[in-house]
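Chain naming here is simple, since letters A, B, ... match the order of the sequence lines and numbering starts at 1 in each. Quick caveat: nothing in here was measured; it's all calculated off a predicted structure.
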Amino acid sequence: MKHYDALKIEAKWQDRWEKEATFRADDKDKRPKFYLAEMFPYPSAHGLHVGHVRNFSIIDCLTRFYSQKGFNVLRPFGYDTFGLPAENYAIKTGISPQEATRQNVENFRKQAKRLGFAIDWSREINTSDPEYYRWTQWCFLKLYEKGLAYRAESYQWWCSTDQTVLANEQVEDGRCWRCGNEVTKRKMKQWYFKITEYADELLEEIDSLDWPDRIKTMQKNWIGRSEGANIRFKVDGDKYDIEVFTTRPDTLFGATFLVLAPEHELLDKIVTNDARAAVDKYRKDALKKSEIERQENRDKTGVFTGAYAINPATNSKIPIWVSDYVLSSYGLGAIMAVPAHDERDYEFASRFKLPIIRVIDPVDSPESSDDHYCYHGEGVLVNSGEYNGCSSQEARKKILNWLTASHIGHAQVTYRMRDWLISRQRYWGCPIPIAYDKQGNAHPIPVDQLPVTLPAITDYAPDQSGRSALAKAQDFVKCKLDGEAMLRETDTLDGYACSSWYLWRYLDPHNSKQAWSPKLVNQWAPLDIYCGGDHAVAHLLYVRFWCKFFADEGLLSFREPIKKLLYNGYINGPDGRKMSKSKGNVIDPLDVIDDGYGADTLRTYELFIGPYDMDASWSTEAIGGVFRFLGRFWSLCFTAEHLDGADAEHEYRRHKTIKKVTEDIQRTNFNTAVAALMEYLNYLYKNGAAKNDLVAFARLLKPFAPHLASEVLEEFSADDAWPTWDEDKLVTDVMEVIVQVNGKLRAKLTLAAEEVQNRDLLIEKARADAKVQQFIGSKELVKTIALPERRLVNFVVK
RNA sequence: GGGCGAGUGGCGGAAUUGGUAUACGCGGCAGACUUAAAAUCUGCUUCCUUUACCGGAUUAUGGGUUCGAGUCCCAUCUCGCCCACCA
């Protein structure tokens, strides 16, 4: 007895697809283009996991769907290979990151091929390939040329385990995103990309994107735009001014003290001799605290600097304090404290017995306002001289005008987002193409000398120096530029730089003259659909930033790189917990295939498991249901007798399924598309199937189970063109009508179409039903709702 | 603390503009085939009452709008995610 031998079928088709390069995309094809990609994977030593399979299967389903619909589809694949795991592995084992990466990539490629994805393998890219990172370096130089890559010294997040600085996007809850270690601040000279230059555009264009609202909100929060004012306060009896940022210039009359962040540069200059010792100690302690410690203890602490400032509105002397509740990295690192209308300032003022002056009364409840020192809403100004009686909104404008006219302040927009810190004190990354002369001035490496190749070394471990292991490679460090001896930059680029432009390299992957040809990229990009389950604010913000920059450079003709984003959920272990080796709940997708289920079952199951954007738990039982489904289709095709032709009922079912599956895939409701196919198959299984039915079924199934579908289409000598439905076939002669009494279902009638269309006849038929009669009885009929188009009648009785 | 989203059988989940709640799958029960098991096939499977029919209840809880509410509105509870000393 023959049976569904998934592995045999899959080997046959994978072999054929490989030999025929079936999925190679043609740049010259004139059909409308469709460009899709998943977020390329970091090829770990563990190989593909079920999360990758879900992610790749979503894109593969859409790739095949649009391809079958006749689009010129491009779906590439690549590897994001720079990063800490390979380097840490090298430190542990001595196996070079180059070698480990080579092995991991090979394994990933082999595994991806066993899943039968419709990938154009001729476009494979790898970010640690010198031919790739040569152009990452070129991108860096482009940004440098325009002043958007710069070097500055400041306090940055430092991970003492990984011995490197981190970008703000890589610090999660005060911990390193890689190792989970608590991070602290360290003052270092570092390279940055000026992403804040594009903050407004990045914010404004979010709304135009077909992205999940969740991700859009996260990016908006991350950018965090605030409108307000910068205001200068004179330091009493000194030459210095302290400038603060506030969103509420209307509360200026209530500013009773200033607070500086511990890192503020004027702190040293204004502190009085009496206070110096206490201030120095406070600053030292604050910098030593990790972010976790700062968050755990939110009790306000602080020290008086001994100095005073002049409130420009009241001309009164107000004390200047230092406290770590003011963040050095936001605004100007200094605030005017208005304790009557800001809870943090209120807490601080209460603790240190500082004056509190109310300057805004709520409009609706002026009597009770005495108890509400911390009223932070809008209202009417009091204790504010000439502005008394003015609404707070109005006062905001008036006071800002006065500040501007008298050169004390000006309107200011501030962002929560900071510039992107890109240097890493690690070996396994793209070298920054910069060298320094004897004076320490930075010089870009000329483009014709790229790539600056990462040298092979043997000792990868970073030390406490804050420099990468590259610093020990003397042959690498020493170089000559225009005959002048220089020392190379030994920090490497954040891996996110490598992934900020790969979506364009895919479109011109073998170009040795340019990072990409604008003609080719503008032809294929922007990406029509992108899918991933991570990097909501890091990668997905950076790639938008680079897109805008290169559009300004004339190298791209679009300003947003990704039209539609699908953010897929995770797949947890059968116990509902995150899969991890230590919990012993890891499902290896290759094991699932080799157990006999095959790739078609695995892929279909992962799309059927639930809505693609929700987390799901693996079920070792439920995958059997999908295997049975595919097995039944196989046996219906290859072992059963086929009907000579399809009757009206078969045609109705077929067209209904075509419509449902087509619309569901377009709506990315993959799970219900599979359910519709199961329902159709159950029908065919019971009632027999004609060749037409099976061919249509195979075409609809192909995006989910491409091997089996190909096998069936070959058997019936049919192509894979996406089937279309005929609305006429969905209209039936007889239909079921729902009859309700007081909104409750009481009868289902089977009536001819003409009977339903005739409203009076429909009501008559419905009312004549014995069951309906029973519920209406002798009660008074108040109203009758009859909706032929909804096939529904509702009798309302009293 | 602020913002957003969600709550449907034993389980994963369906219900596209308010119109048959529980599609599809898993699990469970019964039966067929078999010496037996596996596999496969058939039927049943929201809950209560009932041998069965009939009937009643039901989409976290309470209220509202409506001929009709899982879907809309208000309140409450629970969970999830994001932000969080951002001036």
A.B. asks: B/G25, OP1 or OP2 - any side-chain N/O from A/Asn682 closer than 4.0 Å?
C.D. replies: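 Yes, within the criterion.
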A.B. asks: Determine the contact category for A/Thr672: base if any of its heavy atoms lies under 4.0 Å from a base atom, sugar-phosphate if only primed atoms, P, OP1 or OP2 are that close, otherwise nothing.
C.D. replies: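 The residue A/Thr672 makes sugar-phosphate contact but no base contact.
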A.B. asks: Taking syn as any angle within 90 degrees of 0 and anti as the rest, which one fits B/G9?
C.D. replies: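 With its glycosidic angle within 90° of zero, B/G9 counts as syn.
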A.B. asks: Check nucleotides 66-69 of chain B for protein N or O atoms closer than 3.5 Å to its own N or O atoms and list the pairs.
C.D. replies:
residue	atom	partner	partner atom	Å
B/C67	OP1	A/Lys783	NZ	3.4
B/C67	O2'	A/Asn794	ND2	3.4
B/C67	O2	A/Asn794	ND2	2.6

A.B. asks: With sequence neighbours left out, write down each residue that passes ring-ring contact (aromatic ring centres under 6.0 Å, His included) with A/Phe775, or none if nothing qualifies.
C.D. replies: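 Not a single residue meets the ring-ring contact (aromatic ring centres under 6.0 Å, His included) criterion with A/Phe775.
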A.B. asks: Do the side chains of A/Val50 and A/Met579 get nearer than 4.5 Å, heavy atoms only?
C.D. replies: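 Yes, side chains in contact.
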A.B. asks: Need one value for A/Lys220: base, sugar-phosphate or nothing, where a base atom within 4.0 Å counts as base even if backbone is also close, heavy atoms only.
C.D. replies: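 Nothing, no heavy atom under 4.0 Å.
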A.B. asks: Rounding to a whole Å, what distance do you find between A/Ile206:CD1 and B/G3:P?
C.D. replies: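 Taking atom P of B/G3 as the reference, CD1 of A/Ile206 is at 19 Å.
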A.B. asks: With a 4.0 Å cut-off on heavy atoms, is A/Lys300 in touch with a base, just the backbone sugar-phosphate, or nothing at all?
C.D. replies: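 Touches a base.
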A.B. asks: Side chain of A/Lys748: nearest nucleotide among B/U16, B/A87, B/U20?
C.D. replies: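 Closest nucleotide to the A/Lys748 side chain: B/U20.
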A.B. asks: Cationic tip of A/Lys300 within the cone over A/Phe348's six-membered ring, i.e. under 6.0 Å and within 45° of the normal?
C.D. replies: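 Because its charged atom misses either the 6.0 Å distance or the 45° angle limit, A/Lys300 does not stack over A/Phe348.
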A.B. asks: Classify the side chain of A/Arg628 and the base of B/U40 as holding, or not holding, a donor-acceptor pair under 3.5 Å.
C.D. replies: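 Flag unset: no donor-acceptor pair detected.
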A.B. asks: Check nucleotides 10-13 of chain B against the protein and report each pair of N or O atoms closer than 3.5 Å, with its distance, or say if there are none.
C.D. replies:
residue	atom	partner	partner atom	Å
B/G12	O2'	A/Ile609	O	3.0

